[in-house]
Amino acid sequence: MSRDGPLLPPPIPDLESELCRLLDQIPVDRVTTYGELATALGDRRAAPWVARSLHGRPTAGMSMLEHPRAWSVVRRDGSLGVARSPEPELLALGYPAPSPTNWLTKRRWAEFVTREPLRDLIEWQDALSLRDDQPDRLGAVKTIGGLDVSYGTNLAVAGLSIMDFPSGECLVQKTIARRPAFPYIPGYLSFRELRPMLEAVREAAAMGHRADVWLVDGNGRLHPRGAGIATAVGQMLRQPTIGVAKSLLCGRLDKPDAKGCAPILDREGSPIGMMTTKPGRKPLYVSVGYGLTLSRAVDIVHSVWRQHRLPEPIRIADGISRRRARLPAED
DNA sequence: GCGACAG
DNA sequence: ATCTTGTCGC
Ligand SMILES: [Mg+2]
């Protein structure tokens with residue numbers, strides 16, 4: 001009996017059809033809010049995604065969800081977004097008299113029957129969560145990998161690089177293209193990018209290429225549930241990983257040291273990451289993914305952080321994945 | 001109740 | 001993340 005926790009990615013729910021099943025339930029003379037729909041999906045933090053899906057600008061990579069009840073969703077204060085004028089169906093229900101807020105109070109409905117699919121994903125992350133400091137299962141580092149994902153129209157391209165250390169020679173470059181299976185929602189990045197990353201790693205491994213430690217574009221322990229994508233990659237591979245993010249997802253900055261580096265603390269005051277910086281460079285947010293200590297992670301990032309914004313293995317992965325994602329023939 | 005929000 | 005040209009500055 002294994003007590004090592006899950007080693008497989010979870011089943012990925014089709015969030016768009018889950019959202020449609022919720023919209024189907026709204027009585028014809030009632031309306032709901034983006035936040036209520038997100039809550040019914042399992043996490044109110046998905047509200048911006050709901051809003052973009054129903055009424056967002058048709059940007060590249062994101063299709064607008066066409067549903068006959070899309071008009072039945074408004075903001076929690078009763079207002080509509082910018083660039084949205086009241087649909088005929090809303091006007092037929094008297095919107096917005098006497099005021100949007102007042103009108104919403106009378107029409108609001110949220111008695112959804114739902115499995116809350118995001119809750120399953122939360123549970124999966126909770127099972128991976130790094131409650132304690134990781135033991136250092138990393139010996140001498142001879143190779144450092146980088147993982148990133150770029151996007152085109154209905155296309156996700158994972159990029160992988162492996163650099164020899166300390167020479168800096170790039171030993172491996174690989175990309176794989178897939179269909180995006182899940183949207184970007186803060187806190188749920190792993191369900192969008194984990195699969196492509198793992199498949200790239202496995203293809204490289206099948207050709208005899210491996211890395212001692214992987215730098216993952218995103219966070220590890222620096223995550224609302226202590227289990228970002230770097231943790232997911234590390235736990236699935238049972239290999240040391242480091243999360244490297246370009247902006248802060250959560251946590252609060254402690255006092256910076258003389259070099260401008262600052263620990264990142266959770267609500268209890270425990271360190272969950274480190275903001276690192278170099279003169280004239282935007283900071284990076286480093287966290288443990290799996291299998292090493294935070295100070296070791298920071299040392300490794302600094303050892304491959306040269307003149308560019310990103311540490312070299314991730315910069316290469318970013319470059320090759322982006323180039324392929326923009327290739328017209330890939331559509 | 002408000003705001004914050006990796007890629 | 002992506003859509004997008006030139007431009008300001010080390
Ligand atoms: Mg990325």
Side-chain angles (χ1 to χ4, degrees), chain A residues 33-35 38 43-53 56-64 75-78 101 118 121 125 146-159 177-197 215-233 241-253 264 266-267 272-276 278-289 301 307-311 314-315 317-319 321-328 330-331:
Chain A
T33 68
Y34 301 117
D43 188 344
R44 202 178 68 84
R45 298 224 307 178
W49 172 77
V50 174
R52 285 196 310 274
S53 298
R57 306 300 311 160
T59 57
M62 223 197 61
S63 58
M64 263 233 311
R75 293 176 167 180
R76 78 178 163 197
D77 66 353
T101 307
L118 293 179
L121 304 182
Q125 288 177 327
L147 294 168
D148 189 22
V149 180
S150 298
Y151 297 90
T153 304
N154 196 25
L155 181 73
V157 177
R178 297 290 185 270
R179 296 297 174 211
F182 197 81
Y184 171 71
I185 298 170
Y188 299 82
L189 177 64
S190 52
F191 307 109
R192 181 166 171 80
E193 300 195 339
L194 174 63
R195 287 270 194 185
M197 284 185 180
L215 305 189
V216 179
D217 188 23
N219 292 309
R221 190 175 182 174
L222 180 46
H223 180 274
R225 292 170 285 282
I229 186 168
T231 300
V233 172
T241 57
I242 299 169
V244 181
K246 299 176 286 296
S247 65
L248 194 56
L249 169 64
C250 62
R252 57 170 231 274
L253 292 174
I264 303 160
D266 66 13
R267 270 187 280 193
I272 53 177
M274 185 75 77
M275 182 187 81
T276 72
K278 282 183 162 191
R281 210 81 50 86
K282 287 187 66 174
L284 295 177
Y285 303 86
V286 177
S287 60
V288 169
V301 168
Q307 71 267 41
H308 300 280
R309 181 183 180 195
L310 289 170
I314 291 188
R315 188 182 72 85
D318 175 75
S321 61
R322 186 172 315 190
R323 183 160 34 111
R324 179 164 173 192
R326 290 181 178 187
L327 236 48
E330 291 285 1
D331 293 44

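Letters A, B, ... are given to chains in the order of the sequence lines, protein chains preceding strands, and every chain is numbered from 1.
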- line: Whether each nucleotide of nucleotides 2-7 of chain B has a protein heavy atom under 4.0 Å at its base (B), only at its sugar-phosphate (S) or at neither (-) is summarised, 5' to 3', as SBBBBB
[Y] backbone acceptor or donor facing [X] side chain under 3.5 Å:
X        : Y        : answer
A:Arg281 : A:His308 : yes
A:Gln125 : A:Pro224 : no
A:Ser150 : A:Ala325 : no
A:Ser190 : A:Ile229 : no
A:Thr101 : A:Asp77  : yes
A:Thr241 : A:Ala230 : yes

Euclidean distance, atom [atom1] of residue [X] to atom [atom2] of [N] [Å, nearest integer]:
X        : N     : atom1 : atom2 : result
A:Arg52  : C:dT2 : CZ    : C1'   : 12 Å
A:Arg179 : C:dA1 : CZ    : P     : 20 Å
A:Leu155 : C:dC3 : CG    : C1'   : 16 Å

- request: Please tell me if the side chains of A:Tyr34 and A:Arg44 come closer than 4.5 Å, counting only heavy atoms from C-beta onward.
  value: no
field: Pair A:Lys246 + A:Asp217, salt bridge at N-O below 4.0 Å
entry: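 Judged by the 4.0 Å cut-off on N to carboxylate O distance, A:Lys246 and A:Asp217 do form a salt bridge.
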field: Pairing annotation in dot-bracket form, given for DNA chain B with Watson-Crick or G-U pairs under 3.5 Å and | for cross-strand partners
entry: .......
field: Pair assignment for DNA chain C - dot-bracket with | for other-strand partners, Watson-Crick or G-U under 3.5 Å
entry: ..........
field: A:Arg45 charged N/C atom sitting above A:Tyr184 aromatic ring, 6.0 Å / 45°
entry: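 No, a cation-pi geometry is absent between A:Arg45 and A:Tyr184.
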query: Parallel, tilted or perpendicular: which fits the ring planes of A:Phe182 and A:Phe191, with parallel below 30° and perpendicular above 60°?
result: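 A:Phe182 and A:Phe191: perpendicular rings.
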